[in-house]
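Not measured: the values here are computed from a predicted model. Per chain, numbering begins at 1; letters A, B, ... match sequence-line order.
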There are 2 protein chains.
Amino acid sequence: MKPASKPSVHDPARGAGRRSARGEAARRRLKEAATRVLDRVGFHQMRVKDVTDEAGVAAGLFYHYFKDLRELVDELLDEHIAGFEAVEAIERDVSKGDWFNRLRAHYEICVRVHAEHPGIMRCIAQFSADDPDFRERWKRSFDRRLHLLIDVFPYVFPKCSLNKAEVELLVHGLGGVGKELMSEYYIDRDPRLRAVELSQAEMAEWLAALLYRGLFARNPPAGQLRYASRILEITRE
Amino acid sequence: MKPASKPSVHDPARGAGRRSARGEAARRRLKEAATRVLDRVGFHQMRVKDVTDEAGVAAGLFYHYFKDLRELVDELLDEHIAGFEAVEAIERDVSKGDWFNRLRAHYEICVRVHAEHPGIMRCIAQFSADDPDFRERWKRSFDRRLHLLIDVFPYVFPKCSLNKAEVELLVHGLGGVGKELMSEYYIDRDPRLRAVELSQAEMAEWLAALLYRGLFARNPPAGQLRYASRILEITRE
DNA sequence: ATTATTATTGAACTTAAATTCAATTTCAAC
DNA sequence: GTTGAAATTGAATTTAAGTTCAATAATAAT
């Protein structure tokens with residue numbers, strides 16, 4: 001039932017030659033099954049049979065579409081990583097000088113993917129710890145966003161004498177703000193943290209505010225805080 | 001056929017069973033070999049044979065001392081995690097109200113383990129992403145340190161209306177500061193970050209200063225900065 | 001010196017999972 | 001409705017690693 005949808009020739013995967021719409025759909029069904037298995041057991045416990053069972057097909061069919069689990073999961077992760085990289089779309093409604101809202105916009109997408117696809121994010125963490133090539137790919141995506149700040153750092157802080165490499169280090173240090181928390185809140189779902197129910201927008205704002213404080217050593221503009229205004233109370237004035 | 005006399009090597013109390021000094025030494029040699037293999041290839045690529053080869057013994061000997069790789073590595077990690085938990089020792093020379101130096105002291109030990117045993121820290125990250133039980137163990141160790149702050153938060157910030165659970169969330173958000181950077185600098189050894197050569201003391205001070213800013217929305221006391229005084233320049237006053 | 005205990009070896013065995021493939025079914029085009 | 005390409009099956013095979021164990025060596029105890 002697909003209108004003139006292009007027969008995917010772009011597929012770098014092996015055996016990507018001719019494939020019917022029916023086959024395309026089966027391939028996607030396997031990927032969706034894999035996503036569910038990832039959420040349940042994580043990459044290292046996932047077996048080919050888990051995926052084919054979840055999809056309700058025979059084990060052998062897997063190899064008609066994928067070389068191995070790694071190929072499938074790589075494709076899956078790529079789809080999500082691409083979302084992180086759409087910097088222009090992310091910052092569409094924010095002015096360049098408005099750092100608090102820029103930070104917020106980036107956290108919003110990051111929080112969203114964590115909340116909606118915890119298995120995918122856990123898998124990204126697992127691959128990053130394991131495989132230098134994947135880590136490089138993931139880090140490039142992250143670096144790209146950090147460089148939005150690194151590249152203009154000298155203009156934002158004209159009095160600061162840190163050189164380029166030192167700024168890189170500093171921004172990477174701050175860039176970690178929230179990663180741990182998102183992982184514990186959305187992937188691990190730690191009950192003690194879950195005691196506070198936060199919407200995605202609230203989580204993103206809190207994290208943006210924390211990073212803002214680390215970066216500017218002051219609070220974000222009070223008027224821009226929609227949920228996290230109580231962060232202004234955290235002070236010893 | 002010696003019913004009760006034979007102390008099976010598969011005894012659950014393997015670690016405590018009878019063992020000569022010679023055996024004790026061989027056991028340790030396997031652990032040290034495993035540490036080197038971990039540094040080289042990480043846990044998921046590590047094979048029993050890698051460890052016995054590295055130690056220069058036959059494959060079968062491994063099972064005389066350990067049930068499986070996981071048991072060996074668990075013991076190895078425990079030894080290091082214990083070091084993180086010695087809070088009293090860590091804070092020995094610091095007064096309770098001196099938050100900057102308390103933060104510094106905690107970062108110092110964390111930086112040291114990262115620098116000296118990157119394979120161990122990577123392995124902790126791998127296990128944490130994989131195994132709920134281990135994650136729980138590791139997080140308990142981390143939480144204990146975070147609670148040094150969480151428990152006194154209302155006294156440190158008397159004007160702050162956040163409740164206990166919200167403070168927990170906040171502190172976990174800030175607690176991630178530096179994890180990412182230490183991982184990239186010491187485990188991944190990213191050349192772009194390595195362009196700046198930092199001593200352990202310098203790294204610890206920078207991270208403590210960043211966290212201090214996030215926590216207090218201001219700079220740490222200038223007089224206490226030994227290496228990172230240029231962080232004071234990062235401001236838009 | 002004799003005996004008992006523990007350490008060590010490495011080839012043989014076991015296991016779990018990945019992978020193949022010949023046979024069969026489905027479907028779309030003609 | 002015939003045909004052929006693609007999809008699908010699942011039992012059979014392969015693979016890579018874990019694991020055992022009978023035999024031997026080293027060491028300690030008496």
Side-chain angles (χ1 to χ4, degrees), chain A residues 1-9 11 13-34 37-38 41-74 130, chain B residues 1-34 37-38 41-74 130:
Chain A
M1 279 308 224
K2 281 171 92 173
S5 180
K6 66 209 158 39
S8 61
V9 185
D11 236 291
R14 89 221 200 34
R18 275 226 276 284
R19 184 172 296 131
S20 68
R22 182 181 159 222
E24 221 34 88
R27 197 167 193 279
R28 174 118 300 271
R29 250 176 277 125
L30 279 170
K31 280 171 132 177
E32 282 159 7
V37 177
L38 272 185
V41 302
F43 180 74
H44 290 114
Q45 333 297 332
M46 175 162 64
R47 302 288 169 256
V48 170
K49 188 151 189 315
D50 295 333
V51 176
T52 51
D53 282 357
E54 176 78 29
V57 299
L61 187 58
F62 180 89
Y63 296 93
H64 190 65
Y65 294 109
F66 301 99
K67 180 163 79 61
D68 53 24
L69 279 177
R70 181 55 196 250
E71 178 178 284
L72 185 160
V73 176
D74 270 340
D130 265 359
Chain B
M1 295 300 135
K2 306 136 219 181
S5 70
K6 179 174 182 180
S8 163
V9 285
H10 297 126
D11 200 65
R14 180 191 309 266
R18 268 217 298 278
R19 186 170 297 126
S20 70
R22 180 179 157 224
E24 227 26 272
R27 199 166 191 278
R28 174 118 302 271
R29 251 175 275 126
L30 278 171
K31 279 170 131 180
E32 282 159 8
V37 176
L38 272 184
V41 303
F43 180 74
H44 291 115
Q45 332 299 330
M46 175 161 66
R47 301 288 169 257
V48 170
K49 190 150 189 315
D50 295 333
V51 175
T52 52
D53 282 357
E54 176 77 28
V57 299
L61 187 57
F62 179 89
Y63 296 92
H64 190 65
Y65 293 108
F66 302 97
K67 180 163 78 62
D68 53 24
L69 279 177
R70 181 55 196 250
E71 179 178 284
L72 184 159
V73 176
D74 270 339
D130 265 358

List, with names and distances, any nitrogen or oxygen atoms from the protein found under 3.5 Å away from nitrogen or oxygen atoms belonging to nucleotides 9-16 of chain C.
{"unit_1": "dT9(C)", "atom_1": "OP2", "unit_2": "A58(B)", "atom_2": "N", "d": "2.7"}

Rounded to whole Å, how long is the line connecting atom [atom1] of [X] with atom [atom2] of [N]?
X	N	atom1	atom2	result
D53(B)	dA17(D)	CG	P	12 Å
Y65(B)	dT19(D)	OH	C1'	17 Å
D50(A)	dA18(C)	CG	C1'	13 Å
R22(A)	dG4(D)	CZ	P	18 Å
E24(A)	dT8(D)	CD	P	12 Å
L72(B)	dG18(D)	CG	P	13 Å
R29(B)	dT8(C)	CZ	C1'	12 Å
Q45(A)	dA17(C)	CD	C1'	14 Å

Phosphate oxygens OP1/OP2 of [N]: is one of them under 4.0 Å from a side-chain N or O of [X]?
X	N	value
S20(B)	dA7(C)	yes
Y63(B)	dC21(D)	no
H64(A)	dA7(D)	yes

*Do V57(B) and F62(B) come close enough that some side-chain heavy atom pair is under 4.5 Å?*
no
*Please round to the nearest 0.5 Å and tell me the distance separating atom CZ of R29(A) and atom CD of E54(A).*
13.0 Å
To check you understand the geometry: which heavy-atom pair defines the closest contact between [X] and [Y], and what is its length?
X	Y	answer
V51(A)	M46(A)	CG2-SD, 3.7 Å
D50(B)	Q45(B)	OD2-O, 3.5 Å
L30(B)	A55(B)	CD2-CB, 3.9 Å
K31(B)	L72(B)	CG-CG, 4.1 Å

*Given the rule in the side chain to side chain contact (heavy atoms under 4.5 Å, CB included) test, do V48(B) and F66(B) qualify, once you have shown the distances and angles that lead to the verdict?*
CA-CA 10 Å; V48(B) 170; F66(B) 302 97; over 6 Å; no
